[in-house]
Amino acid sequence: KISNLFMFNRNINLKTSLIFEKDSKTYTFFRLKGEGFYPLTINDEPYYLNDKDYNQPPYMTPVKSEIKADLDVFDIKIPVTLNFDFNISPKAIYTLGVGFSNKIILSQNDDFKVNYFYDMYDQNIRTWLCGLIATTGIEKNWIGNRTFFVNLSFEHLSDLRSKVDREYKVFNNQFSLQIGMYF
C-alpha cells in the first residue's frame, strides 16, 4: 500500500496484492439457443454441446445441452487498486477503490478441452486474464502496529485475445471476501 500518493489529497492511496488461488469447483458449460454445435473433450471422450439434448445411436458422438467439468485451476492474482480512505474514527478507516486485476493461470485440468480453442492455442484457458476490480473495506488498528481488515471485492476478468470469438472467450466474475491482519 502506497499512501500520500498525491500531495493535494492524502486520503488517496495505491494498493496491490499477490494472491494465490486454487479453484477446483465444478462448472457447468452450456450453449445458448441457436448457436450450433460446440465440440468438447472430457477424459478423452468427445462430446458436442448444443442448446438441447439429442438421442444419438451408440456409435455417434453424444450431444448434450450441458456438461459439467472441473477446470482445477491454480493461479496467482495481482490486483492494483486506487483507493479513497474515509476516516470513521481515529483508528478505523473505510476504503472504496477501483482498479485493474490480473490473473495468471499456473495450472489447469488437461482432461477437459474446448477443441477449437485448444487446437488454436494448445491450452484450455488463457494463461493471463485481466479486467476491472471494485473494492470496499474497513481497516482498524487494534493492538500496537497490527491492523485488522475486512475487504469485499468484485472482479470482472476476461481473455483479451483478439483472434477468439466471444463464444470461446473465458469470462470470470468473482466476489471475494478477505479477512486478515497487517503486521
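Nearest heavy atoms, Phe74 versus Glu21: CD1-O, 3.2 Å. In terms of heavy-atom proximity, Ile42 sits nearest to Lys68 at CD1-O, 4.2 Å. Heavy atoms only, all atoms of each residue included: Leu157 and Ser101 are closest at CD2-O, 3.6 Å. Closest of all the heavy-atom pairs between Ile133 and Phe100 is CG2-N, 3.8 Å. Pairing each heavy atom of Asn83 with each of Gly97, the nearest pair is OD1-CA, 3.2 Å. For the residue pair Lys103 and Asn172, the shortest heavy atom distance occurs at NZ-ND2, 2.9 Å.
More than 12 heavy atoms of other shown residues, nucleotides or ligands fall within 6.0 angstrom of atom CG in Asn173. For Lys77, the NZ atom sits in a packed shell: over 12 heavy atoms of surrounding residues, nucleotides or ligands are nearer than 6.0 Å.
With values rounded to the nearest 0.5 angstrom, Asp85 atom CG is found 11.0 Å from Tyr94 atom OH. Atom CG of Leu82 sits about 11.5 Å away from atom CG of Leu96, to the nearest 0.5 Å. Atom CG of Leu40 is separated from atom NZ of Lys113 by 12.0 Å, given to the nearest 0.5 angstrom. Here the CG-CD1 distance, from Asn102 to Ile19, works out to 11.5 Å after rounding to the nearest 0.5 Å. Taken to the nearest 0.5 Å, the CD1 atom of Ile105 stands 5.0 Å off from the CG atom of Leu129.
Using a 4.5 Å heavy-atom threshold, the side chains of Val73 and Lys22 count as separate. By the 4.5 Å heavy-atom criterion applied to side chains, Asn151 and Thr135 are not counted as neighbours. At a threshold of 4.5 Å between non-hydrogen side-chain atoms, the residues Ile104 and Asp75 do not count as touching. Under the 4.5 Å side-chain criterion, counting only non-hydrogen atoms from C-beta, Gln178 is in contact with Phe149.
At a threshold of 4.5 Å between side-chain heavy atoms, the hydrophobic network of Ile, Leu, Val, Met, Phe, Trp and Tyr places Phe20 and Trp128 in one connected group. Follow the hydrophobic side-chain contacts under 4.5 Å out from Ile12 and you never reach Val98; the two are in separate clusters. By the criterion of side-chain heavy atoms lying less than 4.5 angstrom apart, applied directly or through intervening Ile, Leu, Val, Met, Phe, Trp or Tyr residues, Met181 is grouped together with Trp142 in one hydrophobic cluster. Note on Phe84: it clusters hydrophobically with Ile138, by side-chain heavy-atom contacts below 4.5 Å among ILVMFWY residues.
Asn43 places no side-chain N or O within donor-acceptor distance of the main-chain N or O of Glu45, the cut-off being under 3.5 Å. The backbone N or O of Thr95 sits less than 3.5 Å from a side-chain atom of Thr136, completing a donor-acceptor pair. Side chain of Thr147 to main chain of Lys140: no donor-acceptor pair is present (N/O by atom type, distance under 3.5 Å, no hydrogens or angles).
Cation-pi geometry between Lys15 and Tyr182 is not met: the NZ or CZ atom fails to fall both under 6.0 Å from the ring centre and inside 45° of the normal.
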Show your reasoning for whether side chain to side chain contact (heavy atoms under 4.5 Å, CB included) applies to Ile93 and Asn87. CA-CA 5 Å; Ile93 298 171; Asn87 294 325; 3.6 Å; yes
Test side chain to side chain contact (heavy atoms under 4.5 Å, CB included) on Phe86 and Asn11; report intermediate values, then the result. CA-CA 7 Å; Phe86 300 92; Asn11 292 333; over 6 Å; no
Step by step, work out the side chain to side chain contact (heavy atoms under 4.5 Å, CB included) result for Asn13 and Thr81. CA-CA 8 Å; Asn13 61 69; Thr81 58; over 6 Å; no
